[in-house]
Amino acid sequence: MFRHQGKTRTLGHNLKIASLLSFVAGLVNVAGFFAVQRLTTNVTGHFAFFVDEVFKLNFWQGFIYFLYIFFFFSGSFVSGMLTEWVARKNERIMYVAPVIIESVLLLLIGIFYRELIKSNPDLIAFGLLFAMGLQNSLVTTISNAAVRTTHLTGLFTDLGIELAQLFFYKTAEHKRKLSASIKLRLTIISFFFLGGIAGGVLYVNINLHALIMASLLLITGLIYDHVKFRVIQLRRKYRSDEGKDD
C-alpha cells in the first residue's frame, strides 16, 4: 500500500491507500469544520477569503487566511523533504516519517483540543492543514500523482472527463485503463464521503476526540503494510529454501 513505488505499484495498491487516506481526510474535514468552522483539508476557499479580506483592508484577518495556506504548503514541503531525504537512504521506508508525524499531530489535537480552543482555535486549523498537506504530498509522491485524497474538485473534473471518454475510446486497452482510473476516483470520493459521515457522527458524540480515531487508522495502515511485507518476504524465503532442497 505505502511501500510500492514506480513500476511495482498496482491499481490494488492505489485502491488501498486511497481508501485509507480518503477516509481519514473526510473525517478530518468534517470534524475540523464542526470544531473551528474552517476548511481543514484544502486551501482553495481560504485563498478567496484571503483576497477578500485584503481588499476590505482587514489585514490581520487576511494574514490569518494566509497562514492557513502557508501551513498546508508547509506540510507538503516537509513531507517532500522527508521523503526525498529518506529515499536516498532506503526507498522502502520513505513514507514512514510523514505518516508518523501526521498521526502524532492528529493524536495531540484530538487529546488537547479543549486547551487549544480556549487559547486560540486557529491553532487547530493550522495543525490540521499542516497534517493534510503532509498527507496530500506523500500520497501524490507514492502514487505518482494517481491518488489525491484531501479535496475533490480535481477528482470530479477528471471523473467527468473519463466518463465522457468511455463513449469515444473503443479499444479494449483504452477501456481497461479508463475503467481502472474511474474505479480509483470513485473509491476516493466514496471513502472521503464515508469519512465525512464518520467524522460528523464521532464529533457529535466525542467532539474532536474523533481525531484520535483518524490517528489510529493511520498507525494501523503502517502496521498492516509492514506485516504484509514481512509475510511476503517469509513466503519468498520459504519457496527459495524449498527450491534448494529439491
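Residues take their numbers from the sequence shown, with the count starting at 1.
Side chain of S215 to main chain of S103: a donor-acceptor pair is present (N/O by atom type, distance under 3.5 Å, no hydrogens or angles). S181 places no side-chain N or O within donor-acceptor distance of the main-chain N or O of K177, the cut-off being under 3.5 Å. No donor-acceptor distance shorter than 3.5 angstrom exists from the side chain of N58 to the backbone of V54, with no hydrogens or angles considered. Looking at Q135, its side chain does come within 3.5 Å of a backbone N or O of L21 through a donor-acceptor pair.
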Notebook entry, point to check: Could you go step by step and tell me if I69 and F47 meet the side chain to side chain contact (heavy atoms under 4.5 Å, CB included) rule?
Noted result: CA-CA 7 Å; I69 299 167; F47 185 80; 3.9 Å; yes
Margin query: side chain to side chain contact (heavy atoms under 4.5 Å, CB included), that's the test. Do M81 and W85 meet it? Break it down for me.
Written below: CA-CA 6 Å; M81 289 289 288; W85 180 67; over 6 Å; no
Margin query: Evaluate Q165 against F168 for side chain to side chain contact (heavy atoms under 4.5 Å, CB included), listing each step before the verdict.
Written below: CA-CA 5 Å; Q165 288 175 345; F168 298 95; 5.6 Å; no
Notebook entry, point to check: Going through the distances and angles, do E102 and M132 end up as a side chain to side chain contact (heavy atoms under 4.5 Å, CB included)?
Noted result: CA-CA 8 Å; E102 180 184 353; M132 291 298 100; 3.3 Å; yes
Check: Can you check salt bridge (charged side-chain N to carboxylate O under 4.0 Å, His left out) on E173 and R176, steps first, answer last?
Finding: CA-CA 5 Å; E173 179 62 18; R176 185 189 66 78; 2.9 Å; yes
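Atom-to-atom distance recorded for L218:CG and I223:CD1 is 11.0 Å, nearest 0.5 angstrom. Distance check: K228 NZ to Y224 OH gives 3.5 Å after rounding to the nearest 0.5 Å. In this structure, Y203 OH and L208 CG are separated by 6.0 Å, a value rounded to the nearest 0.5 Å. We find the CG-CZ distance between L129 and F72 to be 7.5 Å, quoted to the nearest 0.5 Å. The distance from atom CG of L67 to atom CG of L123, rounded to the nearest 0.5 Å, is 10.5 Å. Interatomic distance, S19 OG to L184 CG, rounded to the nearest 0.5 Å: 9.0 Å.
Each of T149, N136, N29 was scored for a side chain to side chain donor-acceptor pair (under 3.5 Å) with T41, with one residue passing: N29. Under the side chain to side chain contact (heavy atoms under 4.5 Å, CB included) test applied with R185, the options L152, L155, V147 reduce to a single match, L155.
Between S137 and S76, the closest heavy-atom pair is OG-O, 3.2 Å. Minimum interatomic distance between I100 and L222 (heavy atoms only, all atoms of both residues): CG1-CD1, 3.8 Å. Between A125 and R38, the closest heavy-atom pair is CB-CB, 4.4 Å. Contact between A214 and L106 at its shortest, heavy atoms only, is CB-CD1, 3.9 Å. Here the closest heavy-atom approach between residue L202 and residue A210 is recorded as CB-CB, 3.5 Å. For the residue pair P121 and V36, the shortest heavy atom distance occurs at O-CG1, 3.5 Å.
Atom NE2 of H174 has 12 or fewer neighbouring heavy atoms from other residues, nucleotides or ligands inside a 6.0 Å radius. No more than 12 heavy atoms of other residues, nucleotides or ligands sit less than 6.0 Å from atom CZ of F49.
One hydrophobic cluster, built from ILVMFWY side chains closer than 4.5 Å, cannot hold both I161 and L166; they sit in different ones. Side-chain heavy atoms closer than 4.5 Å link hydrophobic residues (I, L, V, M, F, W, Y) into clusters, and following such links, even through other members, never connects V201 to F23. Note: the hydrophobic cluster containing F34 also contains L39 (ILVMFWY, side chain heavy atoms under 4.5 Å, direct or indirect links). Grouping the Ile, Leu, Val, Met, Phe, Trp and Tyr side chains by contacts below 4.5 angstrom, directly or via other members, places V24 apart from I197. Y113 and I206 fall within the same hydrophobic cluster, where Ile, Leu, Val, Met, Phe, Trp and Tyr residues are linked whenever their side-chain heavy atoms come under 4.5 Å apart, directly or through other members.
Ring pair F70/F66 is parallel by interplanar angle, where below 30° counts as parallel and above 60° as perpendicular.
In this structure, L211 and L107 have side chains that are not in contact, with every pair of non-hydrogen atoms separated by 4.5 Å or more. Counting heavy atoms from C-beta outward, T83 and P98 have side chains that approach closer than 4.5 Å. Side-chain contact check for V78 versus F130: some heavy-atom pair is nearer than 4.5 Å. The shortest side-chain heavy-atom distance between Y95 and L138 falls under the 4.5 Å cut-off. V86 has its side chain out of reach of V96: every pair of non-hydrogen atoms, C-beta onward, lies at least 4.5 Å apart.
Side-chain contact annotation: D122 with Y68, donor-acceptor N/O pair under 3.5 Å present.
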